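Shown next, in structure tokens, is the structure this report addresses.
Quick caveat, the model's predicted, so the values are computed rather than measured.
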Amino acid sequence: MLNEMVTRIALKLIIAVGVVTIAIVGVFSYLTITAQSDALLSQAGIHANKLSEAIKNSTLTSMLEDKKDEVHAIIDTVAHEPSIMEIRIFNKEGAVTFSSRKDVIGTMVDKHTESCYACHTENQPLQKLSINERMRIYRISPDSPRILAVINPIYNKPSCYEAACHAHAKDQTVLGVLDIKMDLTDVDQQIEDSKFRLIVFAVIEIVALSLFIAYFVRKWISRPVKELVRATNQVSSGNFDYTIDSLGQDELGILAKSFNKMTKSMAEAKRQLFQADKMASLGRLAAAVAHEINNPLTAVLTYSSFLLKRITDNPEVQEDLRVIVRETIRCREIVRNLLDFARPSAPKKHNADINKIIRSAIEVVAAQLLLKQIKLDARLDISLPEVTVDANQIQQVFINLLVNAADAIGDSGGTISIHPSLISLSPYGVAQIKAAMCPKRHDLMDDDKKIAGLPTIKVKAVSNRKEGFINLDPVYGKHRHEYGIAIERGKDVQVSCPQCNISLIEEKVRCPKCESSVYALEVPSRGMLEGCTNPECNWERWQAIDEAGHKDYIEVRIADTGQGIPQEDLSRIFEPFYTTKGKNGTGLGLAVTWRIVDNHDGTIGVESEPGKGTAFSVHLPLEKHISIAAGDRRE
């Protein structure tokens, strides 16, 4: 039924445009034919008038000398032209004095007939006639061809009333009339031929335009609408991953992009609901696991600790028992982490040596790395200051990253490097906005839409009378915004709160880079965040953060020579239960890692290229400012 509706819409549009086209072409053809007919008749009249002038000039001398035979000869000669029907001259009384037809010479002309109406009004001759007034077109009978008759008055001149052959009164204006009748058969045939050609051209033009319109209606309207209908059917059947290919930059193309974003959001919402259910199940599972394995773990820990105290003469066994004790304790921490993931808890921070945490993590994965013939390049720096962290949680971060690196390398061998360093970073491109509000204190954070795994800032935008939403990048300076509305270059954008519609645009403030309008958001307890509304401009300003200056971090960079991560997966690797390992992964490791780092007010970044490896950078902030030499500072 929907397909029939689409077909009807396209057909109605084609018919409507076709009717308009026919009307326009019809009017144009009618006006063209009329203009051509008038032009041909005008040319025929001009020709007849010139011919009459030529006859008058040719017979002037013969008439002055009263040589009637010469006048008859001239008239007979001209009358032999195929289109000339009759040439006659009659005097002011209406008597025919000369004619190409001998039988009418001497007869009287009825002044009330069509032949004479132009020269007389109430039996009084006109003194002057225009060319159009000298012409008349008529038919002798309905079936006869049309005749063009041109009359040319013979005016009295000095040579006439002063001639010796015969006298005319000086006050007499018109001496007679020269009348030429021409057959318009050839002219009418030309008009009919023009009509036929124009009609054929009009029909071809209408058919061509109709086909042209039908093609583009199908291409620009019918096909996109059918694709939208097909996509709607797919979504209604539960397929939220269905996307529409690009339909161009027009309104239907924008609608298709909005549809894709809508389905993406719906799919994301569906996945989040599914993940929330999995999280609830995981929480129940974690509670059950904790209850079931805590006792066995306690027994293992008790007996291994007891054996460690008893065996004092065997250092190798003691070292093995220490590993058992330490890893048993870590197992209890992992169980606790599962519970913390379902119910996040604040880390228990204390001063710790980052090198010691790294060494502990390496000991845990050393056997796995040896088994896979992976070389570990650990460049530790004993000069690094202590960092305030939860050592167990941060160790779990490094273990997760080392295990992932080993899995990425596989069994073919490779290298993992781990290198801690002290750096100073600018807040631009690093600082994360975790809360944002409008002037009426409405929350602008959007947990449903994420960029690089982080909740975004959602605002409403209006541009060129079109309304949509913009999800702003929560990392200061990154500018990876996602636009749900097409914004025209050079057009100001109205940005407002999605809940109360209060404007977020700063009055009388323009972007210092491109002069576009500027929006402002309140970050609670951390000042105002400003940004440019122009999608092509990356200007942002967070004055409170900028004034705080650079911040010192301990950076731990873990790089591998593995297979790398595809670009399309990089933005999702920190999402819970999203994995690139197929059935071999749970998708929980990096999610836990990101949460631990975030709870420490740190950041974690990733750089990867398929076939060349992956590098994770963990930044842990220092509680106290540490002076860094200029050569060690990185921005």
Atom pair CD1 (Ile199) and OH (Tyr30), whose distance is rounded to the nearest 0.5 Å: 13.0 Å
Closest heavy-atom pair and its distance - Ser99, Ile75: C-CG2, 4.2 Å
Taking every non-hydrogen atom, the tightest pair across His481 and Tyr519: NE2-OH, 4.1 Å
Nearest heavy-atom neighbours spanning Leu529 and Tyr476: CD1-CD1, 3.9 Å
Candidate pair Ile89 and Asp179, rule side-chain contact (heavy atoms from CB on, under 4.5 Å), full reasoning: CA-CA 6 Å; Ile89 299 175; Asp179 185 22; over 6 Å; no
From Glu540 atom CD to Lys513 atom NZ, the distance as rounded to the nearest 0.5 Å: 10.5 Å
Whether Thr59 side chain and Val71 backbone form a donor-acceptor pair below 3.5 Å: no
Pair listing, salt bridge (charged side-chain N to carboxylate O under 4.0 Å, His left out) test, anchored in residues 185-213, at least two apart: Arg146-Asp188, Glu192-Lys195
Closest non-hydrogen atom pair, Cys511 against Val518: N-CG2, 3.4 Å
Heavy-atom closest contact (Pro153 atom, Lys56 atom, distance): O-NZ, 3.0 Å
Heavy-atom side-chain proximity of Ile505 to Val493 below 4.5 angstrom: no
Audit row: Cys438, Cys500, side-chain contact (heavy atoms from CB on, under 4.5 Å) steps and yes/no: CA-CA 9 Å; Cys438 78; Cys500 64; 3.9 Å; yes
Whether Arg139 side chain and Ser144 backbone form a donor-acceptor pair below 3.5 Å: yes
side-chain contact (heavy atoms from CB on, under 4.5 Å) assessment of Leu178 paired with Ile151: CA-CA 6 Å; Leu178 172 62; Ile151 55 174; over 6 Å; no
Nearest-0.5 Å distance, SG of residue Cys532 to CD of residue Glu515: 9.5 Å
Test item: side-chain donor near acceptor, Lys450 and Asn471, under 3.5 Å: no
Audit row: Gln543, Met528, side-chain contact (heavy atoms from CB on, under 4.5 Å) steps and yes/no: CA-CA 7 Å; Gln543 188 171 353; Met528 301 296 292; over 6 Å; no
Under 3.5 Å: donor-acceptor pair, side chain of Ser52, backbone of Asn49: yes
Student check: side-chain heavy atoms of Ile565 and Pro610 closer than 4.5 Å: no
Smallest separation among heavy atoms of Leu148 and Ala48, with atom names: CD2-CB, 4.5 Å
Donor-acceptor pair, side chain of Ser37 and main chain of Ile191, under 3.5 angstrom: no
Flag for Asp183-Thr185: side-chain donor and acceptor within less than 3.5 Å: yes
Value rounded to 0.5 Å, distance of CD in Glu86 from NZ in Lys181: 4.5 Å
Reference residue Val495; test side chain to side chain contact (heavy atoms under 4.5 Å, CB included); the match among Leu504, Leu521, Leu472: Leu504
More than 12 heavy atoms of other groups within 6.0 Å of Glu53 CD: yes
Within-4.5 Å side-chain heavy-atom neighbours: Cys514 and Trp539: no
Within 6.0 angstrom of Lys102 NZ, more than 12 heavy atoms from elsewhere: yes
Glu522 vs Arg441 side-chain heavy atoms within contact, under 4.5 Å: yes
Backbone of Ile487 reached by a side-chain donor or acceptor of Lys466 within 3.5 Å: no
Interatomic spacing from CD1 in Ile46 to CG in Leu51 - rounded to 0.5 Å: 13.5 Å
Asp473 side chain reached by His479 side chain, heavy atoms, under 4.5 Å: no
Side chains of Met445 and Met437 in contact at under 4.5 Å (non-hydrogen atoms): no
Any side-chain donor near an acceptor of the partner, Ser503 and Ser496, under 3.5 Å: no
Side chain proximity check, Lys449 to Lys458, heavy atoms < 4.5 angstrom: no
Beyond-backbone contact of Ile147 with Leu184, side-chain heavy atoms, under 4.5 angstrom: no
Candidates Val25, Ile24, Val19 - the one meeting side chain to side chain contact (heavy atoms under 4.5 Å, CB included) with Thr21: Val25
Neighbour count above 12 (heavy atom, 6.0 Å) for Lys478 NZ: no
